[in-house]
Amino acid sequence: MPFRCSDAGSREWIDRSRRIEFSFEGRRYSAHPGDTITSALLANGVVVLGRSFKYHRPRGAFSLANHDINALFSTAEDTNIRGDVTPVEDGMALEAVNVRGTAARDKDRYLDWFGRFMPVGFYYKAFHRPKALFPWFEKAIRQRAGLGTVDTYWRPRRRPKRYAHCDVLVIGAGPSGMTAALEAAEAGLEVLLVDENPHIGGSLDYQWPLDTAEAACPSLAERVAAHSGITVQTKALAVAYYAGQWVPVATDEGIIKVCARGIVVATGLLEQPPICRNNDRPGVLLASGAQRLLRRFGVAPCQRAVVLTANAEGYQAALDLQYAGVEVAAVAALTEAGADSEAAAALTEAGVPRLAHHALYQVHGDNTVTGARLGPIDGSDADAQDYDCDGVIVSTGWAPAAHLLHEAGGKVRYDTELAMHVPSSWPASVVPAGRVNGAFTLAQQTADAVNAARRLVAALTGATVPAVEDWRDHQPHSAEWPIVRHSRAREFVDLDEDLQLKDLEQAAREGFDNIELMKRFSTVGMGPSQGKHSNINAIRILAASNGQGMDATGSTTARPMYHPVRMEDLAGRRFRPQRYTPIHDRHVALSGCLFEAGPWLRVGHYGDEASADDCVAAEVNTVRNGVGLIDVSTLGKIEVVGPDAARLLEGTYTARMANAKVGATRYALMVDDTGVIIDDGVVGRLAEDHYYLTAGSGHAAATARTLKRHAVEWGLDAHVVDRTGQLGALNLAGPLSRSVLARVSDMPLDEASFPYLNIRETRLCGYPVRLLRAGFVGELAFEIHMPAAGMGAVWDALMRAGADAGIAPFGVDAQRILRLEKGHIIVGQDTDGLTTPFDAGMSWAVHLKKPFFKGRGALAHLKGKSPKRLVAFALPTGYEGPLPRECHLAIRDGDIVGRVTSIARSPTLGRPIGLAMIERGLVEDDALLTLRVDNGQYITAERVRAPFYDPDGERQRVASEEVNS
Amino acid sequence: MKHIDCPGIGPRPIVEFIYDGEVRPPAPEDASLEVLADRVFNRSGAPGVLREWWYHRPTGSWYVLERDTVTNEIQRAVDPEEVAYAIPML
C-alpha cells in the first residue's frame, strides 16, 4: 500500500504545513495543498482509482504525467478530470467514471471475463443480425463502455483567447528547455518559456539525485526566473503547431495564441511500458511516474517493490524508492544498459537482488498487485520465480514527445543504437533540444540545448548557422522487445482502449498490417492519451509480425491537438461587435423595439411589442399623411474624390454616372461578373471630381472595398473614403416634410431650387449637412447626412419643428412597408445570389451602351433571356385568411414556379401586398398566382402592377403645402 | 497564425486580410458566351506562383502579392501599376 513519506523532500510541490479535506466515492480523505487527486488518494492508501474503458478492469496511477487515462474523475461540475495532474481542492467531492457502484467493486467487472468473447473488431463483426436487436446492443454497450457522463445542462464559460508574440518559444522547462531559453535570451531575443507543470524544472526535480542535478545545472531555474528576457508561463500546454509558426498554448484561463519566430521543442520523452500478463494492475507504475510521485508529492507508491529496467533511469528509480523506505524485492534487467551505473552499484551494495537478463512474466493479484513473476528472457514459467510485492516499477523504454516537431514538418527515424525514435530532420526555425533529441545525460542535454539554441538564434538573426552537433547518447535506454506473451493473454498494449497483444496480432493477421490500418481497425492510439503509451509498442508488434524494421513499419501521423483541449477554450468568447447609431439613446428613450441588422442595432418600430402591427400601421399612416423621421445612419456613406472619380463610378455601376450634373443623384446598381445584383444605392455628384454615394446597410465595407480595388485595377486617380461610421443620416419623409425642414433650414427647399433626386450641401443646427431628395418610401422626403456629432441636435430640432405637424419617428418595419407599396426592392431580400437586374425588372438601370462596366459582358448576353421575373401580387381587400410568408412557394400545376420575396399588410391600400420571383414564360400571362402557405394550404393572389401606390411618382416630386411655417 | 508582409505596413496577421482571387487580364470585349462563362466560372487551380488580390481591412488598402501555391509562401508584393489596365469610356 502506498504511503506518504515522513521526510519532506526539498523540491516537493506540497505544503505539508496545511491540510485540506476532500471525498472520493463518499469517503472523506485528507491531503496537502499541492497534491493532485491521484497523489492524495495514493497517500491515503487508495490504489484502485478507476475502471478500464471496455473490460472494466481495475486501474490506477501509471505515469503521473498527464496521460493517466484510467484514473479519471467526476465532480458535480465536470467530468473526465485527470487525477494525475489536477490539483485536489478543499471540499472536492469526487466520483470515479465509468463504474457501476465503486471503482474497487464495480458491478460491471464481470465484463473482464466476458472479454475473451470480444476480440478486436468485435463491434464490426457482431450485432449485424438480427437487425432489430442492434439498438438494444448499442444501448447496452454505450452504457458500459466509455468515459465520464457529460452534463448536458452545462453552462458555457466564455474564455477569451489571448495573443502572445515572441522571438523564441521554448516548449518544456526541463534542463534542456531552460538552458535553451537562457541561451536565446542572452543573445538578446525575447523568449517565452512554457511548461505544463505548475513549477519549472522538469526532470531536474524528480529524476536525478539533487546533488547531480545541481552540479550539472547550477541554479538553472533561478537564473531563468531572474532573466528579464524570459517570460515563464507555467500550467501551460503547447497543444499544436500551425503554419506561420503559431502555437496554441492551453492554460487554466484559456488558450494563448503564441506566434513565435522560432520554436525550441524541449518536450522530453514519454516513458513506454513493458507488456506482460496483468501489466495493467493498480500498483504497476512507470519508473518516472514513481519518481514524480515520490519527489513532487512525497508519496511512496508501495511498500515492497519489484523493479524491471532496461536503462540507468530504472536503477536510479529503484535506489530512490529504497532511500524512501520502500523495500526493493528484486531488480530485473531486460538489457545490460545501465547495469554499470552508480545507482546499480549502490543497489548491489545495499543487498538488493539483481537479476540480469530477466523479464517480467506476469503480475499477480486480482484487484491490485500482490506479486510479480520474474524469469529469464528466453526461459519459461518453470525457470521463473514469484516475488511478493505490492508495487511493480517498470522502466523499459522511451519515446520522444516529438508531436509538435512532426506537425511543423519534422521527421523521425528509428535509432538502433538508442533503440528509440529520434528526430532526423526539422525546419530551421523549429528545433528539438535535449532528450526529445536523444540526449540523455544532463551534460548531453545542456550541450544539445545550447547548440540547438545557437542554431535557432543564428537562423533568426541572419548569422551563419553553426553545424548540428551530435550530443545523443550512444547506449540504449529502451528494450527492443519489452514484451512477454502469456498463454492466458491479458497483456495490455493500450490502456485507454483495452487492447491486448493478441488483438494487434490478430489485426495484422486479418490484413490490417499497415500501421495506419491497424490503428483504425483496432483503435490503438485512438483513446484520450492518443497512443502516448501504446504507439511505440504497437509499431514493435507490427514490425515483428511483418518481419520488417521499425522505419519500414513507420508511424501514424501526429495531428493537432497533442492533448485534449476543452471545447470552451476552442470556442473562446463571442466576438461579434454591435454597432449603435449616433442617436441610439433617443431610440431607447422613445421605446424603440431594437433588432439586429447585421452588426447594427436598429429600431423595428416604436412602442409596445405586443401591439407591433398597430404601431407599424400608425407609423406608415404618419409618413403617408403627415411627416415621419427615421434614423438611416446604417446606410453606407462613401466619398469618391479625384480626377478619375467619374470614370471609377462609370466602370463600377450599371448606369451612367459620368454625365450626371453637379447637384444631381442617380440610382446606382452594382453587379458582379456574372451580372448578379450585389448592392444598390444612390450616387450624388457634388463637383466635377467629387461624388458622394450610399450603399445598402451592412454592405458599406464591401462596396468601399470594391471601389478601391477598381481604382487600383483600372489605374485611376480616384480616392475612396468609407465614412459610414463617421456620418449619421436621417430621412424626413411625408407630405409635410418640406415645411418642417424649412423651419430649421435657411436653404430654399422649393421644387425649383431643390428638385427631386438632387443633392445639396448646407448647414443645419450649425453642422455641415448634405440633403438628398430621395424617393425610397414614396413620399416627398429629405435624407439628411451629417457628422455623427450633429445627429442628436438635428433630430431634436426636427422633432420640435414638426411637433404641431404631428411628426413621429418611424422604424424599419414601417419603412419596409412604405417601400413595398412603392414596389422598391431590397437587395438581398427581393434578390438572391442569382438575380440579375433584368430578373428584378430593372433593365432601366442598365446602360449596355456603355462600352464597359463590371458585369457588362454577362448582362449583354442575358438581356432578353432573363429566366425569371419579380412580380407584384395582392390579396383582396378585407382578406382574413392565412398570410403568405417570405419564401413561401408559388405553385402551378403541382410544380414550383417561384417564391414570395416580400409580403406585408398595406395600411395604405388596406390589403396584403407582396413581391414574388416567378419563372418567366410559364406564369407570365397568368392573372392569378397560387401560393402554398403554412400547413400546405393553397391561396390565390391577384397579379397586379407595381408600384402599388402612386404609380406615377407624383407624391415624391410635388407635395402639398397646406401647413406652412 | 500566418503573417503577410506588405510594403508600408509591415508584417500583419492574415486575419486582417480579405482574399480576392488571382489577378487576371481584362475580359476580351464582346466575348462569346462560352469564353465569358469560362472566364467567369472557371479557374485553373494549377499549382504555381500566382499574383493575387489581397485587401488589408484595417488600413483599407489593396495589395497585389505573388504567392507560391505549393509552398504557400508569399514571395513579393507587386507594384499595382504592373497589373493595372485602362477601361474604355463612352
What residues form a side-chain hydrogen bond (donor to acceptor under 3.5 Å, both in side chains) with A:Arg656, not counting sequence neighbours?
A:Glu650
Taking atom OH of B:Tyr19 as the centre, report whether more than 12 heavy atoms of other residues, nucleotides or ligands fall under 6.0 Å from it.
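Yes, enclosed.
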Can you tell me if CD on B:Glu82 sees more than 12 non-hydrogen neighbours from other groups inside 6.0 Å?
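Atom CD in B:Glu82 is crowded, with more than 12 foreign heavy atoms closer than 6.0 Å.
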Please classify the contact between [X] and chain B as side chain, backbone, both or neither, with a heavy-atom cut-off of under 4.5 Å.
{"X": "A:Ala860", "result": "neither"}
{"X": "A:Ala858", "result": "both"}
{"X": "A:Phe853", "result": "neither"}

Turns out that what part of B:Leu36 lies under 4.5 Å from chain A's heavy atoms comes down to side chain
Contact origin within B:Ala31 toward chain A - heavy atom pairs under 4.5 Å:
backbone
Measure the shortest side-chain to side-chain distance between B:Asp30 and A:Arg856 over non-hydrogen atoms and say whether it is less than 4.5 angstrom.
yes
Do the side chains of B:Tyr85 and A:Glu713 get nearer than 4.5 Å, heavy atoms only?
yes
For a side chain to side chain contact (heavy atoms under 4.5 Å, CB included) check, start with the C-alpha distance between A:Arg709 and B:Trp53, then their side-chain angles and the critical distance, and finish with the verdict.
CA-CA 9 Å; A:Arg709 165 152 169 198; B:Trp53 291 99; 3.0 Å; yes
Options A:Val258, A:Val712, A:Asp672, ranked by heavy-atom pairs under 4.5 Å with chain B, top entry
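Answer, by heavy-atom pair count under 4.5 Å with chain B: A:Val712.
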